[in-house]
Amino acid sequence: MQNIIRPVFPALLFLLLGMIFFPALSAISIPPFLNHKIIFGLVACSVLFFMSYRFVKYEDSSLSEFNLWPTKQSGIKLGYGLLIGGLITGLMLIIMFTLTDLSLAAIDDQSWFLFIMASLVFIPLALMEEILFRGYPFFRLSKVLNVRWVVLLTSTLFALYHYNGTQSLVTLLLGPGIWGVVFAVAAYLSKSIAVPLGIHIAANFMQALLGLKADYSAMWSTTIVENSSNFGVNIEALGIALQIVLLIMTILVFEFSIRREKSKTQE
């Protein structure tokens with residue numbers, strides 16, 4: 001038992017400290033002339049990166065061993081992640097707008113430049129979450145535990161982290177929880193946080209683009225049109241179905257990759 005607890009404890013401690021740090025940082029008052037979200041994200045990324053450095057140094061290891069130091073391939077992997085995230089989110093949105101009564105309307109006088117500049121906040125906000133949930137703790141636990149359990153644990157914590165006081169546990173698990181699985185599988189298969197970071201940024205950007213993220217400016221507004229020419233499928237039910245399909249597809253890719261790795265090892 002001790003052989004498991006000792007290597008697992010640092011990763012769990014890191015996760016605990018990170019999840020305590022986020023709400024503590026949110027409570028700090030930031031001058032109104034500064035962008036609260038950008039400052040929050042940049043400070044959080046800096047602190048978590050420093051924590052990662054201290055934890056790996058304590059183990060006489062390096063950030064590179066835990067896939068946290070940029071390499072020549074990081075930019076390419078980030079690009080792959082942006083492409084994958086854009087395709088997944090775009091396809092889900094196309095299906096939603098095709099089969100339901102949702103409709104898009106352009107927002108007058110909205111500037112692409114201002115929207116893109118405002119959307120830059122997604123980079124540090126996504127990065128801080130990737131460092132915490134798919135960084136040092138994820139790769140540390142993957143060395144000593146079955147990676148399936150690691151994906152389940154980090155995805156569940158990722159879902160709970162998004163609790164705002166109103167959602168049910170089921171809503172969290174079927175929303176952020178499923179995306180947490182996608183990000184975790186992407187991190188494991190790519191041995192990098194660059195791919196899940198790209199997926200994360202792309203998904204947030206596209207949702208904000210269509211006004212599906214609160215407190216963010218949008219280029220289009222999403223409304224419900226009664227008696228539209230679409231199929232009129234229930235929006236909530238279809239959304240849940242698409243999330244479940246995404247989960248199933250991710251698990252299939254994950255299991256196929258794990259079994260292929262095992263067969264190569266046996267050869």
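Numbers for residues simply follow the sequence, beginning at 1. What you see below is based on every heavy atom in this structure, not just the backbone, and it leaves out hydrogens, waters and symmetry mates. Small disclaimer: the values here were computed from a predicted structure and weren't measured.
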**OP:** Any chance you could measure I193, atom CD1, to N67, atom CG, to the nearest 0.5 Å?
**Re:** 9.0 Å
**OP:** Go through the steps to decide whether S26 and F40 satisfy the test side chain to side chain contact (heavy atoms under 4.5 Å, CB included), and finish with yes or no.
**Re:** CA-CA 7 Å; S26 298; F40 177 87; 3.2 Å; yes
Subject >> Atom pair CZ/CG of F183 and L197 - distance to nearest 0.5 Å >> reply: 9.5 Å
**OP:** Please report the closest heavy-atom contact between I107 and S221, naming both atoms and the distance.
**Re:** CG1-N, 3.9 Å
Original post:
Per the side chain to side chain contact (heavy atoms under 4.5 Å, CB included) rule, which among V47, L132, I131 passes with S52?
Top reply: I131
Subject >> ILVMFWY network linking I76 to L82, side-chain heavy atoms under 4.5 angstrom >> reply: no
Original post:
Of all heavy-atom pairs between K37 and L125, which one has the smallest distance, and what is that distance?
Top reply: O-CD2, 3.7 Å
Original post:
Linking I/L/V/M/F/W/Y whenever any side-chain heavy atoms sit under 4.5 Å apart, do W149 and Y136 land together?
Top reply: no
**OP:** Take V195 and L78 through the side chain to side chain contact (heavy atoms under 4.5 Å, CB included) test and state the conclusion after the steps.
**Re:** CA-CA 5 Å; V195 174; L78 178 64; over 6 Å; no
Original post:
So if you build clusters from Ile, Leu, Val, Met, Phe, Trp, Tyr with side-chain heavy-atom gaps below 4.5 Å, do F49 and L16 land together?
Top reply: no
Original post:
Counting only heavy atoms not in I224, do more than 12 sit closer than 6.0 Å to its CD1 atom?
Top reply: no
Original post:
Should the heavy atoms of other residues, nucleotides or ligands under 6.0 Å from OH of Y80 be counted, would the total exceed 12?
Top reply: no
**OP:** Please assess R148 against F254 for the test side chain to side chain contact (heavy atoms under 4.5 Å, CB included), listing each intermediate value before the final yes or no.
**Re:** CA-CA 9 Å; R148 297 178 180 88; F254 187 38; 4.1 Å; yes
Original post:
Which distance, rounded to the nearest 0.5 Å, do you find between the CH2 of W179 and the OG1 of T250?
Top reply: 8.5 Å
Original post:
Where do C45 and P124 come nearest, in terms of heavy atoms and distance?
Top reply: SG-O, 3.2 Å
Original post:
Got a second to check how far H162's NE2 is from L172's CG, nearest 0.5 Å?
Top reply: 9.0 Å
Subject >> Lys NZ or Arg CZ of K143 over F66 ring: under 6.0 Å, within 45° >> reply: yes
Original post:
Do F14 and F21 have ring centroids that are under 6.0 Å from one another?
Top reply: no
Subject >> Donor-acceptor under 3.5 Å (Q110 side chain, A218 main chain) >> reply: yes
Subject >> Connected via hydrophobic side-chain network under 4.5 Å: L87 and L93 >> reply: no
Original post:
Is R260 paired with E255 through a side-chain N to carboxylate O contact shorter than 4.0 Å?
Top reply: no
Original post:
Passes side chain to side chain contact (heavy atoms under 4.5 Å, CB included), M128 versus F22? Steps please.
Top reply: CA-CA 10 Å; M128 71 180 193; F22 282 164; 4.0 Å; yes
Original post:
What residues form a side-chain contact (heavy atoms from CB on, under 4.5 Å) with L153, not counting sequence neighbours?
Top reply: L12, L141, L157
**OP:** Could you grab the distance from atom CG of L68 to atom CG of L48, nearest 0.5 Å is fine?
**Re:** 10.5 Å
Original post:
Does S155 reach the main-chain N or O of L152 with its side chain, forming a donor-acceptor pair under 3.5 Å?
Top reply: no
Original post:
Do the side chain of T222 and the main chain of L104 share a donor and acceptor less than 3.5 angstrom apart?
Top reply: no
**OP:** Without swapping roles, check the side chain of Q207 against the backbone of K213 for a donor-acceptor pair under 3.5 Å.
**Re:** no
**OP:** Assess whether salt bridge (charged side-chain N to carboxylate O under 4.0 Å, His left out) is satisfied between R54 and E59, documenting all intermediate values.
**Re:** CA-CA 9 Å; R54 296 308 306 170; E59 298 184 19; over 6 Å; no
Subject >> Heavy-atom pair of closest approach, residues S257 and L189 >> reply: CB-CD2, 3.4 Å
**OP:** Give a yes or no on whether Y53 atom OH has more than 12 heavy-atom contacts from other residues, nucleotides or ligands under 6.0 Å away.
**Re:** no
Original post:
Does T171 reach the main-chain N or O of Q167 with its side chain, forming a donor-acceptor pair under 3.5 Å?
Top reply: no
Subject >> Check against ring pair (Phe, Tyr, Trp, His ring centres under 6.0 Å), Y188 and F139 >> reply: CA-CA 8 Å; Y188 177 76; F139 290 109; 8.1 Å; no
Original post:
Which atom names give the shortest non-hydrogen contact between S64 and W69, and what distance separates them?
Top reply: OG-CB, 3.5 Å
Original post:
What distance do F158 atom CZ and M19 atom CE have between them, rounded to the nearest 0.5 Å?
Top reply: 10.0 Å
Original post:
If you look at every heavy atom in H200 and A126, which pair is closest and at what distance?
Top reply: CG-CB, 3.8 Å
Original post:
Should the pair K57 and F55 be classed as cation-pi, given the thresholds of under 6.0 Å to the six-membered ring centre and 45° from the axis?
Top reply: no
